[in-house]
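Since the model is a prediction, treat every value here as computed from it, not as a measurement.
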Amino acid sequence: MTQRLNLFTAAPKAVEPLVALGPILDASTLEHSLMELVKIRASQINGCANCLHMHTADARKAGEREERIYLLDAWRESSMYTPRERAALAWTEALTKVAETHAPDEDFEALKAVFDEAEIGHLTILVGAINLWNRIAIGIRAEHPNDVKLKAAA
Amino acid sequence: MTARLNPLAVSQKALAPMLAMENYLKNCGLEHSLMSLVKIRVSQINGCAYCLHMHTSEARAEGETEARIYLLDAWRESELYTPRERAALNWAETLTKISETHAPDADYAAATAQFSAQEMIDLSLAITNINAWNRLSIGFRAEHPHDHVKKAAA
């Protein structure tokens, strides 16, 4: 696999606001651990190795446990995730697969039980942002650091 | 989530052939690391927390790296996996989503380029058996053990 394009040199001005969004979302009252689970789950669905590498590493550094990442594909079948996390993960799936789900009322109602309006707003933008990054990273075949290391060793 | 039924407690007789098959597969000669990746990938697709817990724990105990498990949803986009593993994962996805894929010739050819006829049978049985375990575990809402984390506060 060879990277197709470097966005930071190809479209630096357009990338800038995308990067700037990160700290704004981080400043919300959403738990960091919850935000990482959301980013990892969307990246699992979209199959983005680059984003999985980045966010599983970030999550682990921030103290996330291995099993909560390993079982994330099957979070519905596990009791390791909090009610806030479950509502956020359901919303993540609804929006990531929006062409199939059309973001149903039940998923939005479930959010209101555990998040305030500002949190729902930030969470929704977060899901949109990670989906955007997934699409960009897969589209340009972004290489994650492990692949770069492997190539260097070859 | 509450377990609905414990199939092993209800009917050991019915499960014995499935367990015997697992025992056969363990000693069939296919690499354990490859078999674990296949079982984890199938369990990701089916969303089986119980099987993910079991097979990620086993894989880690046998020396698998965290990164190769975290990136498995996106193996196509990563070079962390060998050509043999890639062929096995592709065949695993094809058979797991068979109602969509219908096991196309291209996938079969990619698999037979890496595996002998005997290995194709063993690999395919491993894939169908983990799909069976996933369906039993999800259908009966099997609860996975909680090694480190207590159930998330309800």
Heavy-atom proximity to chain A below 4.5 Å, by part of R76(B): backbone
Given the rule that I, L, V, M, F, W and Y join up when any side-chain heavy atoms are under 4.5 Å apart, are [X] and [Y] in one cluster?
X	Y	result
L95(A)	I120(A)	yes
L72(A)	I45(B)	no
L125(B)	L123(B)	yes
L80(B)	Y70(B)	yes
V98(A)	V127(A)	no

Give the minimum heavy-atom separation between [X] and [Y], together with the two atoms involved.
X	Y	value
E77(A)	G47(B)	CG-O, 3.4 Å
H144(A)	L71(B)	NE2-CD2, 3.3 Å
L52(B)	A74(A)	CD1-CB, 3.8 Å

Heavy atoms of other groups near [X] [atom1], more than 12 under 6.0 Å:
X	atom1	value
D105(B)	CG	no
Y108(B)	OH	no
D105(A)	CG	no
E62(B)	CD	yes
Y70(A)	OH	yes

Can you tell me how far the [atom1] atom of [X] sits from the [atom2] atom of [Y], to the nearest 0.5 Å?
X	Y	atom1	atom2	answer
E67(A)	S57(B)	CD	OG	6.5 Å
D73(A)	D73(B)	CG	CG	4.0 Å
S78(A)	E143(B)	OG	CD	9.0 Å

Proximal to chain B - members of residues 38-61 of chain A, heavy-atom separation under 4.5 Å: Q44(A), G47(A), C48(A), A49(A), L52(A), H53(A), T56(A), R60(A)
Side chain to side chain, E66(A) and I69(B), heavy atoms closer than 4.5 Å: no
